[in-house]
Q: 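The structure that follows is given in the form of structure tokens.
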Number of protein chains: 2
Amino acid sequence: MNQAPRTIEWIGDADGFVRLLDQTLLPTRVEYRDCRTVEEIWEAIRMLRVRGAPAIGIAAAMGVVLGMQSLAKGTSAVERLREVTDYLRTSRPTAVNLFWALDRMARHAAPHLEKLPPDQLRTMLLEEALRIEDEDRQMCRAIGAHGAALIGEGQGVLTHCNAGGLATADYGTALAVMFAAAEQGRKFAVFADETRPLLQGARLTAWELQQRGIDVTLICDNMAAQVMREGRVHLVVTGADRIAANGDTANKIGTYGVALLAQAHGIPFYVAAPSSTFDLSLSSGDAIPIEQRDPREITHGLGKQIAPDGIKVYNPAFDVTPAALIAGIITEKGIIRPVREENIREVLV
Amino acid sequence: MNQAPRTIEWIGDADGFVRLLDQTLLPTRVEYRDCRTVEEIWEAIRMLRVRGAPAIGIAAAMGVVLGMQSLAKGTSAVERLREVTDYLRTSRPTAVNLFWALDRMARHAAPHLEKLPPDQLRTMLLEEALRIEDEDRQMCRAIGAHGAALIGEGQGVLTHCNAGGLATADYGTALAVMFAAAEQGRKFAVFADETRPLLQGARLTAWELQQRGIDVTLICDNMAAQVMREGRVHLVVTGADRIAANGDTANKIGTYGVALLAQAHGIPFYVAAPSSTFDLSLSSGDAIPIEQRDPREITHGLGKQIAPDGIKVYNPAFDVTPAALIAGIITEKGIIRPVREENIREVLV
């Protein structure tokens, strides 16, 4: 099984920089981009050069270290940290891992901000960022281990968007389940929705599965119902960007539709996500803010203009799948099922 | 209300040619292509320069006239006609209007093939082709008249692919319902699925509605469920490529999924199609042949490569929506509802 390139990496000591795989260029170009300022990290998150809820969290944590590198002499570390984290918070609104990672960095730094010299503070922050990255790696493996048994020999799995190694430090969430099942020696077929408008399924998921030698078939989003009807899908597994206390799950636009289609065909629909994706402060999915993105992603995003000038466009980046449509949530701590508030709290705590 | 350009037109007398709007170049280029041979018509149908079940029927009928222009001296008109119609039959497999139009042309010519001189035969065939075109025009208006009342003031309508003037001689089938409602003075909002892989919704439907001054919003196919959930869709209307005796309807891939999503949200799903789209020889949709198209439409069709080299692709051009999901079929003879075999026969005969 081949190894996919590294999604994100800190290079050097606390005065170093972030190297990330520019996912907007995949699959035709594998190019790395070095980010040396917090502004470059913000841009990379905003433009989806790095994407996927867990990877965004890691990028943001490393962005904090970059931001603290430019702590001007004589200025307050407290103020600079707040400035940097507030700024990174504005990069994207939906994935909760972004806010989770920033809060964790701020909390970790808080007792030391007034005491430590800047270089030691940076080192301490870098250690925390690398800890988040390392935990993410272990979390992915644990999700794979818990979920692998869901995929039986000869079955078909459908996934939407990319919740693979590219969305995390390594190995993925939804794809971790598939990687682990493959490592256990089972053969199965994956159907990857291309996932318009930005085609993370075609560009990233198809590529990652292909790299690992897993049987993958690319389909357009609107073909999922047909593939299900043909009896070729036995389960659906997707990632998540934010999960409310009741299990309602925000994920890439189109996930909700896939969940409804799965229900109509009697196919179980699973979500794979780390505990950092849960936002227990929100009682239901109605409270999850949904990012609206540039209409040009739809009209001009594929190399040529595909719609008339001046056309009105609706481009929500996410939708919310109600807990009732979800057969289980595969976390690093175990599978939550049925998806109910008490079961979520029990597994997470 | 502006007038859209002519989809297809016969220029000149029986020795003339076909001029068609090259729909593969829309919406950024409005260019006509003149077809002077039956081979050029075959290519135009295959490559979707002309598409939409009724327009394919008209193009094929005109193609027969072109084919008969090259009737070599001393050869049999019977044989040439069979050759030409057999050839055109191979252009695309799913839309029944193609076969319907070719059968009609052959039937019309049959009694005269051995008797009329070639020039009179061509003239007679051209008259029949123009009659098919003219009937199509009237049929579209009748569909609009029957269906318009389904769209209420301030409502939202979702459509998939293109069943507009570009899919017919003029005015369309699904879009005819919208055009007629707009002509009656009602304001409503249309959501147009972009319709991957060939984007007929983005390129054609959005353009036609915009040209006619109707409020249209372009969405990706995977956003339909979200727009429905937001309560912005009150009915769905699509076209059809072939309808079996029991009402099962083949239409552009993704239609079946939209019908399931509409059902899940309690939204009525209508099909608009002329009686020539019914194939009463097929008892159910299971017998409708489904065209599989080139994987490159998905991986390379949009101006740049969007999937890894060598990726496996599934690209069915159509799916079948079971009659049970269809609230009614709007034909030029009236609305068939509920969609049951006896009601279909009653309205059609």
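Remember, predicted model here, so these are calculated numbers, not experimental data. Residue numbering restarts at 1 for every chain, and letters A, B, ... go by the order of the sequence lines.
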Q: Top residue by heavy-atom pair count (under 4.5 Å) with chain B, among A:Pro197, A:Pro316, A:Gly310, A:Ala202?
A: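 Of the options given, most contacts go to A:Ala202.
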
Q: Name the region of B:Thr28, side chain, backbone, both or neither, that has any atom closer than 4.5 Å to a heavy atom of chain A.
A: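 The answer is the side chain of B:Thr28.
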
Q: Can you tell me how far apart CD1 (A:Ile253) and CE (B:Met223) are? Round to the nearest 0.5 Å.
A: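 CE of B:Met223 is found 5.5 Å from CD1 of A:Ile253.
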
Q: Run the side chain to side chain contact (heavy atoms under 4.5 Å, CB included) test on A:Leu261 and B:Leu261 for me, step by step, so that the C-alpha distance in whole Å, both residues' side-chain angles and the decisive distance to 0.1 Å come before the verdict.
A: CA-CA 7 Å; A:Leu261 297 177; B:Leu261 297 177; 4.1 Å; yes

Q: For chain A, which of B:Leu26, B:Leu260, B:Thr195 has the most heavy-atom pairs under 4.5 Å?
A: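 Top count of heavy-atom pairs under 4.5 Å with chain A: B:Leu260.
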
Q: With a 4.5 angstrom heavy-atom cut-off, is it the side chain or the backbone of A:Arg29 that approaches chain B, or both, or neither?
A: neither

Q: Non-hydrogen atoms of chain B under 4.5 Å away: do they reach the side chain of A:Pro27, the backbone, both or neither?
A: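 Contact with chain B: side chain only.
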
Q: Working to the nearest 0.5 angstrom, can you tell me the gap between A:Leu218 CG and B:Ile298 CD1?
A: 6.0 Å

Q: What is the distance from atom CD1 of A:Ile219 to atom NZ of B:Lys312, rounded to the nearest 0.5 Å?
A: 12.5 Å

Q: Is it the side chain or the backbone of A:Val258 that comes within 4.5 Å of chain B heavy atoms, both, or neither?
A: neither

Q: About how many Å separate CD of A:Gln226 and CZ of B:Phe318, when rounded to the nearest 0.5 Å?
A: 12.0 Å

Q: Do you know which of A:Glu194, A:Arg203, A:Gln305, A:Gln263 has the most heavy-atom pairs under 4.5 Å to chain B?
A: A:Glu194

Q: Is it the backbone or the side chain of B:Glu230 that comes under 4.5 Å from a heavy atom of chain A, or both, or neither?
A: side chain

Q: Answer with side chain, backbone, both or neither: which region of B:Ala264 has an atom nearer than 4.5 Å to a non-hydrogen atom of chain A?
A: side chain

Q: Any donor-acceptor pair under 3.5 Å linking the side chain of B:Arg229 with the backbone of A:Asp319?
A: no

Q: Rounded to the nearest 0.5 Å, how far apart are CG of A:Asp193 and CG of B:Asp221?
A: 10.5 Å

Q: Between B:Asn222 and A:Gly257 (side chain of the first, backbone of the second, donor and acceptor by atom type, cut-off under 3.5 Å), is there such a pair?
A: no

Q: Is the backbone of B:Asp309 close enough, under 3.5 Å, to the side chain of A:Gln210 for a donor and an acceptor to pair up by distance?
A: yes

Q: Rounded at 0.5 Å granularity, tell me how far CD in A:Gln200 sits from CD1 in B:Ile306.
A: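 One finds 11.0 Å between CD of A:Gln200 and CD1 of B:Ile306.
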
Q: Does any heavy atom of chain B fall under 4.5 Å from the side chain of A:Thr299, the backbone, both, or neither of them?
A: side chain

